[in-house]
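Accompanying notes for the structure given below.
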Amino acid sequence: MDVTTKTEKKNDYVFKAPRGTEDVLPGKWELWRLLENTGRQVFDLCGYYEIRTPVFEDTRLFVRSIGEVTDIVEKEMYTFADSEDSSITLRPESTAPVMRAYLEYELHKIKKFQKFYYIGPQFRKERPQAGRLRQFHQMGIEAVGANDPLLDVETISVATRIFDRIGLEGYKVKINSIGCEKCRPVFRNILKEKLCEHEKGLCELCQSRLNRNVFRILDCKNEKCKAISYHMPSINDYLCVECQVHAKSVREALLEIGIPYIADAHLVRGLDYYTKTVYEISHSSLGARDAICAGGRYDNLIADIGGPSIGSVGFAIGMEATILAIENVMAKKNKPVAQDMLCSSPLVYIISMGEETKKQSFHLLNMIRKSDLSADFDYEGRSIKAQMRTANKVGAKYVIMLGPDESARGDVKIKLMETSEEVTMKQSDVLTWLLGRHTPSKC
RNA sequence: GUGGGCGUAGCUCAGCUGGUUAGAGCAUUAGACUGUGGCUCUAAGGGUCGCGGGUUCGAAUCCCGUCGCUCACCCCA
C-alpha cells in the first residue's frame with residue numbers, strides 16, 4: 001500500500017502525532033496526575049467504584065444510545081469494519097459502554113443501585129480546537145438505578161468537590177431541566193410553532209435548526225436570535241408535575257448543601273438520552289468552549305439499550321479543558337505547578353568517578369533503591385562537575401560520591417545539596433543514615 | 001465540513017517597503033589554576049527560513065499551490 005504523499009521526501013519523513021492527538025511529555029504530567037489522583041480520591045470518598053471498559057464497542061451501541069440524528073453519530077465517530085458483518089467504533093463517550101457492561105453482567109440483578117467511575121480516552125473525529133481534541137480524555141461517574149433528585153445533587157457535588165480540592169477557583173454550575181419523554185415533546189412543539197412565526201428573523205443556521213434541533217436555537221449567540229428567544233416560553237413552564245417536583249428538589253438540595261448554581265433555562269444537551277436534570281460546569285478562563293464538566297440524568301437510556309427501566313445520573317469531566325483551566329488559574333496567581341505532587345526528583349544522586357569505583361557505586365545505587373528510596377546515577381561518563389550540575393537540576397537532596405579515595409577507606413562522601421555541607425561515613429552506614437532521615441516511598 | 005491567523009535553530013521569537021557568510025534570549029555541551037552544583041563570565045554545537053513552483057540580476061522577505069499548526073463556527077467534554 002503506497003501511502004506516501006507528494007510532499008514527502010524519500011527517507012526524510014518525520015512522523016508526527018496524528019492530528020487532534022497530543023503527547024503528554026515529561027513536565028506536563030504533574031497536572032494530569034493531580035487531576036486524576038484527586039478524582040480518584042473523591043470518587044472513593046463518595047462510594048464510586050472504578051470500571052474499565054474497552055475503547056471500542058459495537059457501533060450500534062452508540063447509534064442507539066446517543067441518537068441517530070446527532071452530529072456525533074452522523075459524522076464524528078471513528079468507525080471501522082471489524083469483519084464482514086460487524087462494525088466497531090472507538091468510543092465517543094463512556095456512559096453507554098458503562099451501561100452496556102452493567103447490563104451485560106446483569107449487575108442490576110446483584111444490586112440495582114450501583115455507582116461507577118471511569119477515567120480514559122474518548123474519540124471524536126472533529127476539527128481540533130482549543131481544549132478539544134480527537135483523542136480526548138474524560139473522567140466521569142454514573143450513578144445507576146435510582147431516581148432520587150438528591151442523587152442528581154450528589155453527582156454535582158462530586159464534581160465540585162474535585163474542583164475545590166484542586167483549588168480551581170472560578171467555576172460556575174449551570175443547571176436546567178429539559179423534562180422527560182412526556183413533557184419535552186409538548187414543549188418542543190410549542191417552541192417550534194412560536195419560533196416559526198419569527199423564522200425570517202433567525203440566523204440562517206437557526207432556520208435549519210428549526211427542523212433539526214429546536215432547543216439549540218435558545219443557545220444561539222447571534223444577537224437577533226438571542227432577542228427572539230428571550231421572548232420564547234421557558235421549558236420550566238411546561239414541565240409535567242413529576243419533572244417540576246424533581247427540579248425543585250434538586251435546586252433546594254443544592255442550596256441546602258451550599259453549592260451555588262445558576263438556573264439557565266437555555267441550557268440544552270447534544271445527546272438524546274438526557275431527561276430532567278441537565279447541568280454544566282464552566283470556567284470563565286476558557287473562552288469559547290468553556291465547559292469543563294457536563295452531565296445530567298438519563299432515565300431512559302438503559303431501557304433504550306435493552307435493559308430494565310431504571311433511571312441514572314452522571315457526568316463527564318473534560319480533562320484537557322480542566323487542565324487548561326487549572327493552568328490559567330495558576331498563571332494568574334503565579335503559583336508553581338503543583339510541586340508537591342511531583343515525585344520525579346530523586347532523593348539521592350550518585351556520582352560515579354572512573355571505572356574502578358563505578359561498580360561499587362552502582363551496587364550502592366541498587367541497595368538504596370531496594371530500600372524504596374529514590375536514587376539515580378550517571379551513565380554518560382561525564383565530568384564530576386557535569387554530574388553535579390545534573391544532580392542539582394533534577395533536584396536531588398543528596399549527592400553521594402564514591403571515588404578512589406573513599407573506596408580505599410571503605411567510605412562514601414555525602415553532600416547535602418541544600419546546605420552544601422558534606423559528611424563522610426562508612427559505606428555500610430549509608431542506608432541507615434538515609435533511612436533515619438527519610439521514610440521510604442513508593443513513588 | 002466552513003472561515004480567519006500563522007509556519008525562521010530543541011523552545012519563544014527578531015529579521016523594516018526583496019540585496020553580501022540568517023540573528024537574539026532560553027535550553028544544550030564544554031571551559032573559568034584540573035574530585036563538586038545552584039550565581040556570573042567565555043566559547044561551541046545546532047537552521048535545506050514547512051514543502052513545491054513562479055516573479056526577479058537577486059527572496060526568509062512578493063505571487064500561486066500544497067502540507068501542517070492554530071483559533072473560531074457547526075457540534076460538543
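Chain letters run A, B, ... following the sequence lines, proteins first, then strands; residues in each count from 1.
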All side-chain hydrogen bond (donor to acceptor under 3.5 Å, both in side chains) counterparts of A:Lys192, not counting sequence neighbours: none
Looking at A:Glu280 and A:Lys174, is there a salt bridge between them, counting it only when a charged N and a carboxylate O are closer than 4.0 Å? yes
Choosing from B:rG3, B:rA77, B:rU36, which nucleotide comes nearest the side chain of A:Arg127? B:rG3
Taking it one step at a time, do A:Ile175 and A:Asp152 satisfy side-chain contact (heavy atoms from CB on, under 4.5 Å)? CA-CA 11 Å; A:Ile175 73 160; A:Asp152 305 24; over 6 Å; no
Check: B:rU36 base within 3.5 Å donor-acceptor of A:Arg389 side chain: no
Taking only the side-chain heavy atoms of A:Met388 (C-beta and beyond), determine which of B:rC69, B:rA72, B:rU36 contains the nearest atom. B:rU36
Qualifying ring pair (Phe, Tyr, Trp, His ring centres under 6.0 Å) pairs, either residue in residues 401-426 of chain A, two or more places apart: none
Mind checking the P distance from B:rG7 to B:rC76? Whole angstroms is fine. 34 Å
Does B:rC71 have its OP1 or OP2 closer than 4.0 Å to a side-chain nitrogen or oxygen of A:Arg132? no
Rounded to whole angstrom units, what separation is found between the CD atom of A:Glu22 and the P atom of B:rG68? 18 Å
Ranking B:rG31, B:rG35, B:rC73 by distance to the side chain of A:Ser383, first place goes to B:rG31
Determine whether a donor-acceptor pair (one donor, one acceptor, N or O, separation below 3.5 Å) exists between the side chain of A:Lys415 and the base of B:rU36. yes
Expressed in whole Å, how much space separates the P atoms belonging to B:rU61 and B:rU21? 16 Å
B:rG53 to B:rA59 separation - P atoms, rounded to the nearest Å: 13 Å
Categorize A:Ala391 for me: base, sugar-phosphate, or nothing, with a 4.0 angstrom heavy-atom threshold over every strand shown. nothing
For A:Arg100 and A:Ser65, does a side-chain donor sit closer than 3.5 Å to a side-chain acceptor? no
Regarding A:Glu126, tell me which of base, sugar-phosphate or nothing describes its non-hydrogen contacts under 4.0 Å with the strands shown. base
Nearest listed nucleotide, side chain of A:Pro404, among B:rG35, B:rU29, B:rA72: B:rG35
Check whether the ring centres of A:Tyr48 and A:Tyr117 lie less than 6.0 Å apart, and answer yes or no. no
When the distance from CG of A:Leu267 to C1' of B:rC76 is rounded to whole Å, what number comes out? 12 Å
Using the C1' atom on both, measure B:rG18 against B:rC62 and round to a whole Å. 7 Å
Given B:rG3, B:rG35, B:rA77, the nucleotide with the shortest approach to the side chain of A:Met401: B:rG35
Heavy atoms under 4.0 Å, any strand shown: does A:Lys393 hit a base, just sugar-phosphate, or nothing? sugar-phosphate
Contact class for A:Ala294 (heavy atom, under 4.0 Å): base, sugar-phosphate, or nothing? sugar-phosphate
Regarding the side chain of A:Gln129, the nearest nucleotide among B:rC73, B:rA32, B:rU29 is B:rC73
When the distance from NZ of A:Lys385 to P of B:rC39 is rounded to whole Å, what number comes out? 13 Å
Assign each of A:Pro18 and A:Ile292 to its nearest nucleotide of RNA chain B by heavy atoms, then name whichever residue's nucleotide is nearer the 5' end. A:Pro18
Please state whether the base of B:rG35 and the side chain of A:Glu406 form at least one donor-acceptor pair under 3.5 Å? yes
Sticking with atom P, work out how far B:rA9 lies from B:rG46, rounded to a whole angstrom. 15 Å
Any N or O donor-acceptor pair under 3.5 Å from the base of B:rU36 to the side chain of A:Glu422? yes
Of the options B:rA77, B:rG38, B:rG35, whose atoms approach the side-chain atoms of A:Asn392 most closely? B:rG38
Could you tell me whether A:Leu324 contacts a base, only the sugar-phosphate backbone, or nothing, with contacts defined as non-hydrogen atoms closer than 4.0 Å? nothing
